[in-house]
Every structure is written in structure tokens, then in C-alpha cells.
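Worksheet: one structure, shown below.
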Amino acid sequence: MSAALRSLAALAAGLIFGLGLALSGMLDPARVRGFLDVAGAWDPSLVFVLGGAVTVSRLGYLLSRRLRGPVLDTWFDLPARHRIDAPLILGAALFGIGWGVSGFCPGPAVAALSTAAAPVLVFVVAMLVGMALHGLLPAAPMERSRSIGTAGGSGNRRARGSAST
């Protein structure tokens, strides 16, 4: 598939995702903080947004297991790591703290850039700085991702960049 078609599909998916976040009110950090405030004025609306997201993700994952390969790429990139280890726990804790303090996570923050609100801009700049700093850390040895692909039409599982068997 052409890179232009893949980019167009990614743009369309991103626009649909951003529209869904806007329609559900998830661009409002006060709503997210309200969801996290279980001891106060709890706002359960995020449960339904998360439930919908998990359902769609699960269906997409199940569909990917039945297909020989994706329509707009050569293989599906699937996580190879399944262990719960210290880096995962630390990363999840940092993500949760940042989410609770700011009311933003990366997807809604990028979608909320359309509001040009100062807190959103500060969050996105801080997120980009954090990503750049993380990129400077020495890389830990990682397992290759497991992929299901159609390279050569075989539909076999293989790691990105490895020879097809």
C-alpha cells in the first residue's frame, strides 16, 4: 500500500478519535479529575468512555487474529512483552500521577490542542520534553514485538525486520 493511503487512513482514524473525545467531554480536564475523585463528587461518565474504548479495542484485536494481515500495512504489530515488571509499574504510576494532576493523557491532550488553552499547551510541551528526555536514556534490552503479517503472503508470525519464514 502506498504511504499516502496509510497516512490518509491514520489521519481519518485520528480525526474520528478526536471527535469522539470531544463529543464525550474528555477534552475537559475537570471531567477527568471528577472521575478520579471517588471520595468526592465522582463523575462516572468516563467509565462509559473507557468501556467503549476497551470494547472497540478488544474487537479489533480479535479481528486481527482472524485476518491474514492488515489492509494498509504488511503486518500487525503486537506487544511481545506480557510480564508485569518494575519499569511497567513505574511507568503506569507516573502516567497515573500525571493524569490525575493535569486531567490529561496524551490522546485527549493532542485533541485538546484545538482549544489553544494554556494548560493544554503546557501539558503538551511537558509531554514532548519528557519524550525527548526518555529518548536520551540508555535503551534497555527489549524483546522483539510479535507480528502477524502477510509479507510474502504467508500470514506467519514474525518480528518486524526479521526474515520471513
Side-chain angles (χ1 to χ4, degrees), residues 1 3-38 40-65 67 70-137 139-140 142 145-148 160:
M1 280 301 141
L5 189 55
R6 282 194 301 268
S7 295
L8 186 60
L11 176 63
L15 288 173
I16 292 169
F17 177 67
L19 181 62
L21 289 170
L23 290 174
S24 64
M26 293 302 114
L27 302 185
D28 180 7
R31 179 168 287 189
V32 173
R33 282 192 226 101
F35 169 73
L36 298 172
D37 186 10
V38 293
W42 186 58
D43 178 0
S45 59
L46 186 54
V47 170
F48 299 105
V49 174
L50 291 172
V54 168
T55 301
V56 169
S57 178
R58 179 70 179 150
L59 291 173
Y61 178 77
L62 290 173
L63 179 64
S64 76
R65 308 266 308 162
L67 297 175
V71 175
L72 297 176
D73 206 347
T74 344
W75 53 77
F76 294 108
D77 286 316
L78 303 173
R81 298 179 68 178
H82 300 283
R83 284 191 320 262
I84 296 175
D85 55 8
L88 177 65
I89 292 170
L90 178 62
L94 286 172
F95 177 87
I97 291 167
W99 191 37
V101 169
S102 70
F104 288 114
C105 63
V110 170
L113 280 172
S114 62
T115 68
V120 177
L121 298 173
V122 169
F123 178 87
V124 170
V125 167
M127 179 179 71
L128 293 172
V129 168
M131 291 167 70
L133 290 174
H134 179 266
L136 297 176
L137 293 174
M142 293 195 53
S145 68
R146 190 180 71 204
S147 300
I148 301 171
R160 183 179 281 276

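Because only heavy atoms are used, hydrogens play no part in the values below, and waters and symmetry mates are left out as well, while side chains stay in.
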N/O donor-acceptor pair under 3.5 Å between Ser7 side chain and Ala3 backbone: yes
Side-chain donor/acceptor of Ser64 to backbone N/O of Tyr61, under 3.5 Å: yes
Can you give me every donor-acceptor pair (side chain of residues 91-102, partner residue at least two apart or in another chain, under 3.5 Å) with its distance?
from   : atom 1 : to     : atom 2 : distance (Å)
Ser102 : OG     : Gly98  : O      : 2.7
Ser102 : OG     : Phe104 : N      : 3.0
Ser102 : OG     : Phe104 : O      : 3.3

Could you list the donor-acceptor pairs under 3.5 angstrom formed between side-chain atoms of residues 10-21 and any protein atom two or more places apart in sequence or on another chain?
none

Partners passing salt bridge (Lys or Arg N to Asp or Glu O under 4.0 Å) against Asp28 (at least two apart in sequence or in another chain): none
Arg31: salt bridge (Lys or Arg N to Asp or Glu O under 4.0 Å) partners, not counting sequence neighbours: Asp43
pair Trp42-Val47: side-chain heavy atoms closer than 4.5 Å: yes
Output a table of donor-acceptor pairs, distance under 3.5 Å, between side-chain atoms of residues 108-123 and any protein atom two or more places apart or on a different chain; print 'none' if there are none.
from   : atom 1 : to     : atom 2 : distance (Å)
Ser114 : OG     : Ala111 : O      : 3.0
Thr115 : OG1    : Ala112 : O      : 2.6
Thr115 : OG1    : Ala117 : N      : 3.4

Do any side-chain atoms of residues 127-134 form donor-acceptor pairs under 3.5 angstrom with protein atoms, and if so which ones, sequence neighbours left out?
none

Leu50 side, atom CG; Met26 side, atom CE - distance, nearest 0.5 Å: 8.0 Å
Gap separating the CZ atom of Arg6 from the CG atom of Asp73, nearest 0.5 angstrom: 5.5 Å
